[in-house]
Amino acid sequence: MKPARGASMRHNKKTMSDPLLAVSERFAWAFAAVAGEVVDPVVRPSDHADAQINGALGVAKKLGTNPRQVAEQVLVAVGDVSDMCSGLEIAGPGFINVTLSNQFLSTQLKSAMNDQCLGVRVAPIRLTAVVDYSAPNVAKEMHVGHLRSTVIGDSIVRLLEFVGHTVIRENHIGDWGTPFGMLIEHLIDIGQNTAAQELGVGDLDGFYREARNKFDADDAFKERARARVVLLQGGDPDTLHLWRTLVSESTRYFNQVYQLLDVLLTDADIVGESSYNDLLAPVVERLREAKLLEVSDGADVVFPAGFTNRDGDPLPLIIRKGDGGYNYATSDLACVIDRVERLGASLLIYVVGAPQAQHLSMVETVATQVGWLAPPVQMMHVAFGNVLGSDGKMLKSRVGDTVKLAALLEEAVERATAAIAQKNPDMSEHERSQVAHMIGIGAVKYSDLSTDRVRDYVFDWERMLSFDGNTAPYLQYAHARMCSIFRRAGIERTAVRSVMPTILDPRERALAIRVLQFDSAVWDALDRYSPHRLCTYLYELATDFTAFYEHCPVLKADTDEQRLSRLNLCDAAARVLECGLNLLGIRAPEQM
RNA sequence: GCUCACGUAGCUCAGCGGAUAGAGCACUUCCCUCCGGAGGAAGGGGUCGCAGGUUCAAUUCCUGCCGUGGGCACCA
């Protein structure tokens, strides 16, 4: 499985919202005419103009001519582009610097803002995608590892849906396996009511630890636990009833966390490992029929090509353990079958930590060898790194335990509450608590989403809650200021949407161009399954807005026409910012 | 040992084939106090881990090395 990159969903639709794409499209045929074949004009953002076209250099090399000469030929071939570009200039070794026409920006902006998706292209082919994420374990506390999977997965789900794909969310909770013997026996020992209470208040780790301690210390208990596993797997009704208590109390708790975290997951998305029980035996059978199954050290295994162990010998994927039990490879393969054959999915996304890369790659290889996975169906590992403390090591609590996710989120809201109380003491209690939730949770999610997911990142309260820099509060603040202008103006946002904006000032231009690039930003994030690309874009948008706001008076504009035009720009920026934050799963309050 | 990631400014991070490598924080010096000062301008600070290679062009692609972290058969 290739590490997430390029679902290659390209499209063709009217004029691209992003001016750079529009320029690229317009110049493509001129380049083809000059080069004698189809070449990418290589249109890029530029420090020297609105955009620069770099394609001439490559073409000149191929043709054995002078790049500046090629550039000149391209300019002749492209003909009149004055509807799009107000300036074209050959610079340096053969770059073509492009100045976009103000009129063009104006009409593009109008048309993008008339679009429900704010100019973002819809997917050319609508896929059914299964996104596998979050996956906490029953009777175990959720921790920062689940935070990453949940938050990144949630954003990917929103992005996929936004461009028109059908998304099936799957929360593959750990609700099966040998630990349930001891957990159920412990449940019996302390009584169902006590247990439900303990789990209900979220002391999952306490419950688990007690069970574990007894298991390790008490041989009789250990024996009962083992016997209980057999009963559970055999479908004993009483045991199943106890098991369901554990599962339902745990999922009730997970839902509290999901609600606090403000993600889309619900009970309907839960597909526990147990739900694949009936599909495990067929996995073995089908592998056997395909003649891929071998017996090694008493276990049923498949040796996928290209994997070796530390001795250089072929590395097996264990399908059925020596004791006859199944393991996670079996259930992962059952998942592939289920998703492809029953759900008809063609995109299987796994938002799982980077350490699982080899395992998932082996599963993919086996699934491909046996024929369950074949183009156009593809598996995609959206891997992520660890959350580190300020010491550069895995984030731990002061006592040295793993950090409870629920506690971390509560602290985020508390810190945000304190910050708002200090900065906006006039806000009502009710409103403050709502806004504090949006800011605190937004800060945590954004700090998780805003750096390249494959890298580890350092968790830092002060930085993530800062109103400066690439943070959620900064973006939310920028949005609140945009909204504030309309309150002061006493004008409804929608009232300025029929206005055709006039783009003149350099800051108006910069802001307009940025707004129009939302399309590219969304697709860029989606192509790489990297929400941080969208974060970077939104930060630049907010920065451009700040510069605009600083230099271009809106309410005190020179003329009514300019005032309306600038209000229109504010509205556009606010809509894109809100929509972008929403795609990250972050709320944008109108006041804060 | 094999293998997969990562190594960019004091710190935290962007950029990943194109013209002088960016941001925030921290630091220095100013400005304003104007539609939300939770401001603005300027400055210092980088041999983009090291060495080769491909290319008109490499922080960006390839190879090797060094450093850090992960994975390498019955726990998921």
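Just so we're on the same page: letters track the sequence lines, and every chain starts at 1. Not measured: the values here are computed from a predicted model.
How far CG of A:Leu405 is from CG of A:Leu147: 5.5 Å, rounded to the nearest 0.5 Å. Taking NZ from A:Lys396 and CG from A:Asp391, the interatomic distance works out to 9.5 Å, rounded to the nearest 0.5 Å.
Note on ring orientation: taking the six-membered ring where Trp is involved, the planes of A:His359 and A:Tyr328 are parallel (angle under 30°, cut-offs 30° and 60°). In this pair, A:Phe459 and A:Trp461 present their aromatic rings perpendicular. The plane angle is above 60°, beyond the 30 to 60° band.
For the pair A:Arg481 and B:G39, the criterion of a side-chain N or O lying under 4.0 Å from OP1 or OP2 is not met. The side chain of A:Lys321 places an N or O atom within less than 4.0 Å of a non-bridging phosphate oxygen (OP1 or OP2) of B:A76. The side chain of A:His551 contributes no N or O atom lying less than 4.0 Å from OP1 or OP2 of B:G40. Proximity of A:Arg463 to the phosphate of B:A23: no side-chain N or O atom is located under 4.0 Å from OP1 or OP2.
Taking 3.5 Å as the limit, the base of B:A73 and the side chain of A:Ser296 contain a donor-acceptor pair of atoms between them.
Note on A:Pro355: only backbone sugar-phosphate atoms sit closer than 4.0 angstrom, heavy atoms only; bases stay farther off. If you check every strand for non-hydrogen atoms under 4.0 Å, A:Thr546 touches sugar and phosphate atoms only.
Nucleotides of RNA chain B nearest to A:Ser484 and A:Asp47 differ in position, and the one nearer the 5' end is that of A:Asp47. Toward the 5′ end of RNA chain B lies the nearest nucleotide of A:His48, the other residue of the pair A:Cys552 and A:His48 mapping further downstream.
Residue A:Tyr474 and nucleotide B:A38 are not classified as a stacked aromatic pair, given the requirement of ring centres less than 5.5 Å apart at an interplanar angle below 30°.
Each of B:C72, B:C13, B:A76 was ranked by its minimum atom distance to the side chain of A:Arg310; first place goes to B:C72. For A:Gln52, counting side-chain heavy atoms from C-beta on, the closest listed nucleotide (B:G18, B:G15, B:A73) is B:G18. Distance from the side chain of A:Tyr539 is smallest to B:G24 among B:G24, B:G18, B:A38. Residue A:Met592 places its side chain closer to B:A38 than to any other of B:A38, B:C6, B:A76. Of the candidate nucleotides B:A73, B:G18, B:C6, B:C6 has the atom nearest to the side chain of A:Val454. Side-chain proximity of A:Glu550 to the nucleotides B:A14, B:A73, B:G40 is greatest for B:G40.
Atom P of nucleotide B:A5 and atom CZ of A:Arg455 are separated by 15 Å, given to the nearest angstrom. Nucleotide B:A76 holds its P atom 15 Å from the NE2 atom of A:His146, rounded to whole Å. Put simply, CD on A:Gln476 is 17 Å from P on B:A38, counting in whole angstrom units.
Test A:Asp18, A:Asp544, A:Asp50 against A:Arg514 for salt bridge (Lys or Arg N to Asp or Glu O under 4.0 Å) and you get one pass: A:Asp544.
Ring to ring, A:His172 and A:Tyr276 are close: their centroids are under 6.0 angstrom apart.
For CZ of A:Arg415, the number of neighbouring non-hydrogen atoms (other residues, nucleotides, ligands) closer than 6.0 Å is greater than 12.
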Without placing hydrogens or testing angles, list every side-chain donor-acceptor pair under 3.5 Å for residues 135-142 of chain A, not counting sequence neighbours.
residue	atom	partner	partner atom	Å
A:Glu141	OE2	A:Tyr253	OH	2.5

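Sorted by residue number, the list of members of residues 413-421 of chain A with any non-hydrogen atom under 4.0 Å from RNA chain B is empty.
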